[in-house]
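Here's the structure we're looking at; comments come further down.
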Amino acid sequence: MSANTNHESVTTEGLAVERRGPVLVVRLDRPESRNALTGTMIRGIGAAVLRAEADTEIRAIVLTGTGDRAFCSGMDLRAFADGEDVGYGSDPHTAAYLRLGRGEVPIPVVGAANGTAIGGGLELLLACDIIVASSAAVFGFPEVKRGLFPGGGGTFIGTRIPLGAALEMTLTGDTITAQRGYELGLLNAVVEPDAVLDNAIGYAERIAANAPLGLAACKELARLAVAQPEHADKRLGEWQSVVFTSADAREGATAFIEKRPPVWTGR
């Protein structure tokens, strides 16, 4: 793919991937099933992550869904019951998907919650660094109502919202509105349903204009400070030695002095 390519779309089973300049838009595309995840989709999302990491011209990812009913309703239980491989194996695409869920993909990810995100769908949304949501969407972890618990990382939602609210959501299994999600800090913006994707891409483009190494450092360190503070100081020192001696750091200072936009190389 040429670095000058602004638009390129690839559609696979249940997933559509589109390049928009420096932004890769990954869209769950099974609206008839409320964008429930299949093993093929999981591996497809992982493949998109690997594509973004390998392409220095891609600086941000937007994750969204098709339709206005659901961002994602979680795992497709019918497909699972039918014996489909849900994708939790050791292949590179699955490994990339799991890294995404743990917040370990260095490229910033913006979630565009076009609709409701429940259970595993909300866990997937929590993989995003910034979330824009439809005002009509609701969010929740109903697992305890079914004899389960949010086993895909949903119990860590307390790293994103106050502990009391996290316990309320996970212990009652009740949903919250988008407005409540915004008040709790789960969502960065709540907009009209037809404006969700444009707003998310706007965030992604603003992020993509910044230096890649600095972005990777900010993403990792901000998450570590909340989830694993005992590791944050060590990684801070390591990132300082990488970023502050980088070509991009010199380019940023030079561009500021010369009053021109910087040209980042990620080095």
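Values below: all heavy atoms of this structure, side chains included; hydrogens, waters and symmetry mates excluded. The shown structure was predicted, so the numbers you read here are calculated from the model rather than taken from an experiment.
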Margin query: Main chain of Thr66, side chain of Arg69: is a donor-acceptor contact present, judged purely on distance under 3.5 Å?
Written below: no
Check: Looking at Ala249 and Phe244, what are the two nearest heavy atoms and their distance?
Finding: CB-O, 4.1 Å
Margin query: Tell me if a side-chain donor or acceptor on Arg19 pairs with a main-chain N or O of Gly21 at a distance below 3.5 Å.
Written below: yes
Margin query: With side chain to side chain donor-acceptor pair (under 3.5 Å) as the criterion, how do Ser73 and Asn35 come out once you've worked through the C-alpha distance, each side chain's angles and the decisive distance to 0.1 Å?
Written below: CA-CA 6 Å; Ser73 58; Asn35 295 322; over 6 Å; no
Next item on the list: Identify the two heavy atoms, one from Gly119 and one from Pro142, that lie closest to each other, and give their separation to 0.1 Å.
Entry: N-CD, 3.8 Å
Checklist line | Arg146 and Glu143 ion-paired at < 4.0 Å | finding: no
Next item on the list: Determine whether Leu213 and Ile107 fall in the same hydrophobic cluster, where Ile, Leu, Val, Met, Phe, Trp and Tyr are linked whenever their side-chain heavy atoms lie under 4.5 Å apart.
Entry: no
Notebook entry, point to check: Does Leu224 offer a backbone N or O that forms a donor-acceptor pair with the side chain of Arg235 under 3.5 Å?
Noted result: no
Next item on the list: Of all the heavy-atom pairs spanning Ala48 and Val26, show the shortest one and how long it is.
Entry: CB-CG2, 3.8 Å
Margin query: Strictly distance-based, threshold 3.5 Å: is any side-chain N or O of Asp68 a donor or acceptor partner for the main-chain N or O of Gly115?
Written below: no
Note to self: If I compare all heavy atoms of Val138 with all of Ile118, which pair ends up nearest, and what's the gap?
What the structure shows: O-CD1, 4.4 Å
Note to self: Measuring from atom CG of Leu186 to atom CE of Met169, what distance do you get when rounded to the nearest 0.5 angstrom?
What the structure shows: 6.5 Å
Next item on the list: Check Leu126 against Arg223 and note the closest heavy-atom contact, atom names and distance.
Entry: O-NH2, 3.9 Å
Next item on the list: Answer yes or no: is there a side-chain heavy-atom contact under 4.5 Å between Asn188 and Val132?
Entry: no
Next item on the list: Would you give the length of the straight line joining atom OG1 of Thr38 to atom CZ of Arg43, rounded to the nearest 0.5 angstrom?
Entry: 7.5 Å
Note to self: Under 4.0 Å between a side-chain nitrogen and a carboxylate oxygen: does that hold for Arg267 and Glu251?
What the structure shows: no
Next item on the list: Examine distances only and state if a side-chain atom of Glu18 and a backbone atom of Val25 form a donor-acceptor pair shorter than 3.5 Å.
Entry: no
Notebook entry, point to check: In Å and rounded to the nearest 0.5 Å, what is the CG to CG distance from Leu24 to Leu63?
Noted result: 10.5 Å
Margin query: Quick one: does any side-chain atom of Asn114 pair with a main-chain N or O of Ala70 as donor and acceptor, under 3.5 Å?
Written below: yes
Note to self: Restricting to non-hydrogen atoms, name the atom on Thr159 and the atom on Val226 that form the minimum distance, rounded to 0.1 Å.
What the structure shows: O-CG1, 3.4 Å
Item checked: Interatomic distance, Phe141 atom CZ to Leu171 atom CG [nearest 0.5 angstrom] -> 12.0 Å
Note to self: Would the distance check show the side chain of Arg99 and the main-chain N or O of Val105 forming a donor-acceptor pair, the cut-off being under 3.5 Å?
What the structure shows: no
Margin query: Taking the basic N atoms (NZ, or NE/NH1/NH2) and the acidic carboxylate oxygens, is any pair closer than 4.0 Å for Lys219 and Asp129?
Written below: yes
Margin query: For the backbone of Ala195 and the side chain of Asn199, can you confirm whether one donor and one acceptor N or O come within less than 3.5 Å of each other?
Written below: yes
